[in-house]
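In what follows, a single structure is set out as structure tokens and then discussed.
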Amino acid sequence: MSKIIRMNEQNYLSSGKTRSISRVLNSDQTTEGEGFIVNRAFPTRHLSDLDPFLLLDEIGPKDLAPREAKGAPDHPHRGFETVTYMLEGKFEHKDSTGNAGKLGPGDVQWMTAGAGVVHSELPEKEFAQRGGLLHGFQLWVNLPKKDKMINPRYQDIPSLKIPVSKTADNLVMAKVIAGEALGVKAVIETRTPIMYIHFTLQPGASITQPVPKEYNVFVYVIGGQGLFGFDNKKQLANRGQIITFDNDGEEVEIRAASDTRAAFDVLLIAGKPLNESVARYGPFVMNKREEIMEAIADYQNGSMGKITPS
Ligand code: FE
């Protein structure tokens, strides 16, 4: 297959190697936990999931007044992973296996619920008192059938330990949370092959990220404006939108608009699909309905444990 031929900045010939865009969708505003507002990229009525991903929420961005911050008190999870990436503000978590910690700007928590945990995700006390800007993401990653009942695991990675890479011209920066980008590998371990990259592109810059053809991939726009696709299917995307791609190539092209001063800030998230049946009910994601009933019973009879007060 022929390589892409760059005609000029906004005119590409499709080659079959760069993926075509499938859809550009808006996120839905909804509430979570005690009532904090999130932009939900999916599941929505337009997009139920993107195997192996089950949910992506953008928390904020919201400038909170003192004591306005809300969180998600004690609740269970089984059968999947929750990945929290903070951009602004501070959260603290605690769980039934005895883990506790704080998450500040740039920090990532990759929580593998496996057989089950009960945890709380709350605004950090001082931050909640003081108020301030809150902004972050939570992604839900499904676990393969064989891993659904493994022991829970936490990977708490501070911002300083998240590998960062830049192009030689400094126009594109990548924070590599999972997978690999611009020659740099992530430190977080995933159960199945996942890519989670935070790209920041200066106006007019572009980046081509290799993504194996079988992976499902999407881009979520955090800020700025960009251009996706080529030929007769070229589309602009703005903050709060999600772009999905066809499985017709081995790379994804992201281009920042040039007629603006704002950087184009996006998450590129990709993963190898599990292609297994999904039974989901609230905080439990299993393969069969009976396993959901089991999860509810296990939670109710206390076998997922509880958070011991400090
Ligand atoms: Fe949770």
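For ligands, and for the atoms within them, numbers begin at 1 and follow the listed sequence. When reading the values below, keep in mind they use all heavy atoms of this one structure, side chains included, and skip hydrogens, waters and symmetry mates.
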Salt-bridge criterion met for Glu189 and Arg153 (N-O under 4.0 Å):
yes
Need the atom name: nearest N/O/S atom of Glu121 to the Fe ion (ligand 1).
OE1
Identity of the N, O or S atom of His75 lying closest to the Fe ion (ligand 1)
NE2
List the steps, then state whether ring-ring contact (aromatic ring centres under 6.0 Å, His included) holds for Phe199 with Phe264.
CA-CA 8 Å; Phe199 281 115; Phe264 189 43; over 10 Å; no
When you compare the side chain of Phe218 with that of Leu56, does any pair of heavy atoms fall below 4.5 Å?
yes
NZ/NE/NH1/NH2 to OD/OE distance under 4.0 Å, Glu68 and Lys62:
yes
For the metal site, I want the angle between atom NE2 of His77 and atom NE2 of His119 with the Fe ion (ligand 1) at the apex, to 10°.
90°
